[in-house]
Amino acid sequence: MEKMSRVTTALSSNSITGRTMFCHLDAPANAISVCRDATQVVVAGRNIFKIYTLEEEQFVEKLNLRVGRKPSLNFSCADVMWHQMEENLLATAATNGAVVTWNLGKPSRNKQDQLFTEHKRTVNKVCFHPTEVYMLLSGSQDGFMKCFDLRKKESVSTFSGQSESVRDVQFSMKDYFTFAASFENGNVQLWDIRRPDRYERMFTAHTGPVFCCDWHPDDRGWLATGGRDKMVKVWDMTTNRPKEIYCVQTIASVARVKWRPEKKFHLATCSMMVDHNIYVWDVRRPFIPFATFEEHKDVTTGIVWRHQHDPHFLLSGSKDSTLYQHMFKDATRPVDKANPEGLCFGLFGDLAFAAKESLISSDTNRKPYPGGDRRYPIFFFKKPDPTEQFAHVSSALSVFETDLDSNRMDWFVKTAQLYLLSGKPFAELCDHNAKVAQELKRPQVSTTWTMLRIMFSDPANLTAPGLNHNLSKLGPMPLMNSFSIKEIGPGVGTESRLERSKGESRQDNIHLDPGNSHISNNEENEETEGSEGQAEYMFIDAELDDDDLYSMEHDNQAEEQEYTLPQEAFQLRHEIIDNPSAPEHLQQDKADSPHVSGNEAEVTCLTPIESFSLISISQPLYNPHLPASFFCPIVREMLSYYAEQGDVQMAVSVLIVLGERIRKEIDDLTQEHWYMSYIDLLQRFELWNVSNEVIKLSTCSAITCLNQASTTLHINCSNCKRPMSNKGWICDRCHQCASICAVCHHVVKGLFVWCQGCSHGGHLEHIMNWLKSSAHCPAGCGHQCEYT
Amino acid sequence: MFVARSIAADHKDLIHDVSYDFHGRRMATCSSDQSVKVWDKTENGEWHCTASWKTHSGSVWRVTWAHPEFGQVLASCSFDRTAAVWEEIVGESNDKQRGLSHWIKRTTLVDSRTSVTDVKFAPKHMGLMLTTCSADGVVRIYEAPDVMNLSQWSLQHEISCKLSCSCISWNPSSSRAHPPMFAVGSDDNNVSCGGKVQIYEYNENTRKYSKAETLMTVTDAVHDIAFAPNLGRSFHVLAIATKDVRIFKLVPMRKESTSTGPTMFEVQIVAQFDNHNSQVWRVSWNITSTLLASSGDDGCVRLWKANYMDNWKCTGILKGDGSPLTGLSGQPTAMSTMMGSSVQTSQNAINGMSAGRYFFPPLEPPTVGTRYGHLLPPSSLIEHCEAEPVQPQPLALPHRLSSKTLLSLPEAEGQ
């Protein structure tokens, strides 16, 4: 033994060279084995039994051991092993239950030496003793293991596992007399060759068959086992009870396991089905292969390290009829492709970040793992080598929470909740929304709302006062052109904005004055239409400039528009008269609006709720002002701008508030897209009420039907307790209205609240009031209702 | 600006993916240790692990949430060549009391013959659809015909991308003007293989997905890819993590009604940053798509934002372990996690805006092989622009302490 190991060590100093290469076999391989000096490999299978020499660049077939015209079943090999001391000696396990030895030194073509036909069924494994020349062990499907002395004609001893079939037998490297056997029922047994009557030890290693086992070459008493349960386990056999010290989870059943030479924690595995790859694992990091060889196209059946002291060459045979030599440096490293980081933006602007710890802690101020790294036993400290770095990894997870409002999306939620989209006159909606935006420190949005109000409100009543103020307050401004404003810069812009907001508040007072005075005021100030339009635009520019970044595009538009102003204004006004679909919102707004000029008052008297004729009547009130439609292209541009800036909220809100004024300007598909996006956002933030309001107010058919799709309400009649079949509220059977308020006996429209105990109910406020004073059901059924 | 809250994840190997749910209140992590963990945010903003279970028999590369309309559903994909769909079960009361929830496997998708590298649910308006991509270059689209039955998934499309796929992203646009579209990135290292980002679009007539575009300028391995939330835009924005961060804009060209082929896109590169000085692993958009976060091998998260001119620039650097960023290759300290009140930050934003402005020339659709690298100012310049007024160290201190205390109590955190 001593002598042998010295010889092999000496051999290892002659470094083996080679490259990743392969050769085609005639038939699928079942097993391979390499001779001691790593120059030849034997490939065995059902229909193949050949020896190849390993040249620098290629495999060269040296010998075909399958001779004879009609090869016997003895040639059909399940396993093969080359003796590690006697280089002419081979053993095969035949599928017919024979154990055959082969002597390459024989002069005849048939090298068959000995034949043992003692096993009743397929022999799964043969194993030479590592140091004893004539000792051969076999394990068979019939559940027996036999030990042969090659000098004798028959087995020396038979070991009965008392378990199921034997899948693997391996002599211990450490203990001369010990071998391990693995069984199909999940057990592993340790035997002493001298005591064939009973195993020394037995333990259950896997659930399901244990297909393979391998002793650690550095005689540490470590045994690796692999099973159908897709696991590789490493057992410490030196303790009283075998202790599982590592467990590697692979992705398919483990057919072979081989410790990697010279690398203490590495082992190679291959699978017997599905997975064709060969994996090399670092048992300390059991989740991800250290290296992978992906060359084979079919199941890999045999793996062997070319030289027992060289970790860089792996040989493999496969069912795809190829024999490969893999160079370790050519292996793929899954960990290189594995993402070491995870990153995700949360809804509220928080950022979850997980990263490999070695990436985020620089070496100088490396933080020790809290509480020490307990997961991996520390065996030795060396300067870091790649495999050590591979083995010790962990990730740190942290969430970055932002405290910056603009990132946190609070503005979105607040805006969504506070915006008014309907139910008030247009101007008030705009003012309200402008205020909301102002309070949330979004001056640009706020300004936009104010602008919209000015643009689209009835010019006679609304634009004029604003304009008047503007003109009087910012006296010289209209005379400047837009370029000069830019030069003034943001500081002035802010000032003007401040003034503006003051002006607004004052303007509200003026608002209440009779409309005529405004008109007269307006007429006083009016010079030409063009100049007035300019004035208005100047004002807009000034507003925007306080947010200096955004002004540019608008500036350009404004300028362009200015030049075409006079003609367009007239044309469009006439178009409006012709336009039969008068803006609905506008009319309603006017009907509700507090400031009523003489003409309007008449109309509202005639048709207090909806007045279709209103627009034509109020038309004469239009001063020679810019008609609202003049602004539509600009507003459209603006909405698109907001949408493309990611503020679809603004786009949709404006769309709803402006209603018919702008709707026609934007194609339906875009509108629908905006609505969908906004609704999706609202639902993300769980703003269901707002979302429903938006759906309700939307004018796109595709959106309004959102709430009607796949919503079914099953109702039972409150009188007869039977399901209501009809669409209406009258029960088919008892012919009573099902939704009558128990308090006021009127039909409930809207919110209906009912007691789940007695099914009586009614208007929310009625029931609430009732239950304040009485504990019993208002219907008189005697049930003790409770409103929570 | 940002406060780092360290979480004792207690994964036994690398965490490969983190994913927020639709409402931002839950988080899922997946790791090479073959497990997925679900974290729920408590009222006071702390994250608690409410479920942790073994999902696969290999590294779990990605985890993703389905739209909550379909229930609390997760999908994961793994090195073990499978993808799986998980559903949370409203558990027994004692589970609830312990603050744990139960997830059960609804299906395993076993069609792939190699590692499944990414899994994504399609946008909600397409129904309940799941897409996987695998290392052998196949994208598979599954559909659950019955959204109530998560155990039945039928393979609808199998698209071969020729290159090993590493990531996939759906275009989230719900507009009818935009047919379903996804982008696939490849981590193939071979530069000569051409463009590593392919864009596929659904064709209504053929009922198949066909390639609409290949981003030929992206020739290096792509690790992550993300469409920005669309939010009513007419064009699409795509962020790519490769050896640098890139942002592309895809503007659909007006299609003639007669043509049946895939939409033509005008592809513009909007930004390209190599500030990470290393491989970039992840990109993620915020919900309004105004902010892009990227993380690289340098262990930092960088935040990118566009100004009104659509010029993107770095607005922040976050160090993964929450420590202030020390000079990276001699660059001045930029904004780090712990720094500054919001006032300073906003000031910084303005400073950055005025000082850090740099422009790309008028954008044209990139031609094959065009490189835009030279258009960038040297990275040191960019960094310098964001240089903060000297940050007071004491400010940083309390935060660091707090994060440390969190670190030292992993058990309490991990409950």
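In what follows, every chain begins at residue 1, and chains take the letters A, B, ... in the order their sequences are listed. Only a predicted model underlies this, so the values are computations on that prediction, with no experimental measurement involved.
- No hydrogens or angles considered: a donor-acceptor pair under 3.5 Å links the side chains of B:Ser294 and B:Trp304.
- For B:Arg26, the salt bridge (charged side-chain N to carboxylate O under 4.0 Å, His left out) criterion is met by B:Asp40, B:Glu88, not counting sequence neighbours.
- A side-chain donor from one of B:Ser32 and B:His16 sits under 3.5 Å from a side-chain acceptor of the other.
- In this structure, a donor-acceptor pair under 3.5 Å is absent between the side chains of B:Trp61 and B:Asp118.
- At least one donor-acceptor pair closer than 3.5 Å links the side chain of A:His276 to the backbone N or O of A:Lys297.
- In this structure, chain B has heavy atoms under 4.5 Å from both the backbone and the side chain of A:Ala354.
- For B:Ser278, no part lies under 4.5 angstrom from a heavy atom of chain A.
- Close placement of the A:Phe685 and A:Phe412 rings is indicated, their centers lying within 6.0 Å of each other.
- For the pair A:Arg333 and A:Phe290, the cation-pi test (distance below 6.0 Å, angle within 45°) is passed.
- Applying the side-chain contact (heavy atoms from CB on, under 4.5 Å) criterion to A:Glu295, with sequence neighbours excluded, gives A:Thr20, A:Phe293, A:Tyr324, A:His326.
- Chain A forms the most heavy-atom pairs under 4.5 Å with one residue out of B:Val283, B:Ile287, B:Thr114, and that residue is B:Ile287.
- In this structure, the portion of A:Asp336 lying under 4.5 Å from any heavy atom of chain B is its backbone and not its side chain.
- A donor-acceptor pair is defined here as one N or O able to donate and one able to accept, closer than 3.5 Å; no such pair exists between the side chain of B:His56 and the backbone of B:Gln34.
- When each of A:Gln649, A:Lys337, A:Gln671, A:Lys230 is scored by its heavy-atom pairs under 4.5 Å with chain B, the top score falls to A:Lys337.
- With respect to chain A, the highest number of heavy-atom pairs below 4.5 Å among B:Asp17, B:Thr290, B:Asp187, B:Thr117 belongs to B:Asp187.
- By number of non-hydrogen pairs under 4.5 angstrom with chain A, the leading residue of B:Thr288, B:Leu292, B:Asp21 is B:Thr288.
- Side-chain N or O atoms of B:Ser175 include one that pairs as donor or acceptor with a backbone N or O of B:Ala177 at under 3.5 Å.
- Top candidate by heavy-atom pairs under 4.5 Å with chain A, chosen from B:Arg282, B:Arg62, B:Met27, is B:Arg282.
- Across B:Asp80, B:Thr82, B:Val18, B:Asp224, the residue that shares the most heavy-atom pairs under 4.5 angstrom with chain A is B:Val18.
- Each of A:Ala651, A:Pro340, A:Ala352 has some count of heavy-atom pairs under 4.5 Å with chain B, and the biggest count is that of A:Pro340.
- By number of non-hydrogen pairs under 4.5 angstrom with chain B, the leading residue of A:Asp275, A:Leu351, A:Val652 is A:Asp275.
- Proximity to chain B (any heavy atom under 4.5 Å) is shown, for A:Ile288, by both the backbone and the side chain.
- Contact of A:Asp647 with chain B is not made at all, since no heavy-atom distance falls under 4.5 Å.
- Heavy atoms of other residues, nucleotides or ligands lying less than 6.0 angstrom from NZ of B:Lys54 number more than 12.
- Looking at A:Glu644, the atoms closer than 4.5 Å to chain B (heavy atoms on both sides) sit in the backbone and in the side chain alike.
- Side chains of B:Arg233 and B:Ser289: a donor on one and an acceptor on the other come within 3.5 Å.
- When heavy atoms are compared at a cutoff of 4.5 Å, B:Ser295 approaches chain A by way of both its backbone and its side chain.
- Only the backbone of A:Thr250 has a heavy atom closer than 4.5 Å to any heavy atom of chain B.
- Interface summary for chain B: among A:Leu343, A:Val648, A:Leu669, A:Asp680, the most heavy-atom pairs under 4.5 angstrom belong to A:Leu343.
- Interface summary for chain B: among A:Met676, A:Glu686, A:Glu672, the most heavy-atom pairs under 4.5 angstrom belong to A:Glu686.
- Only the side chain of B:Ser164 comes within contact range of chain A, with heavy atoms under 4.5 Å apart.
- With a 4.5 Å cut-off on non-hydrogen atoms, B:His178 touches chain A through its side chain but not through its backbone.
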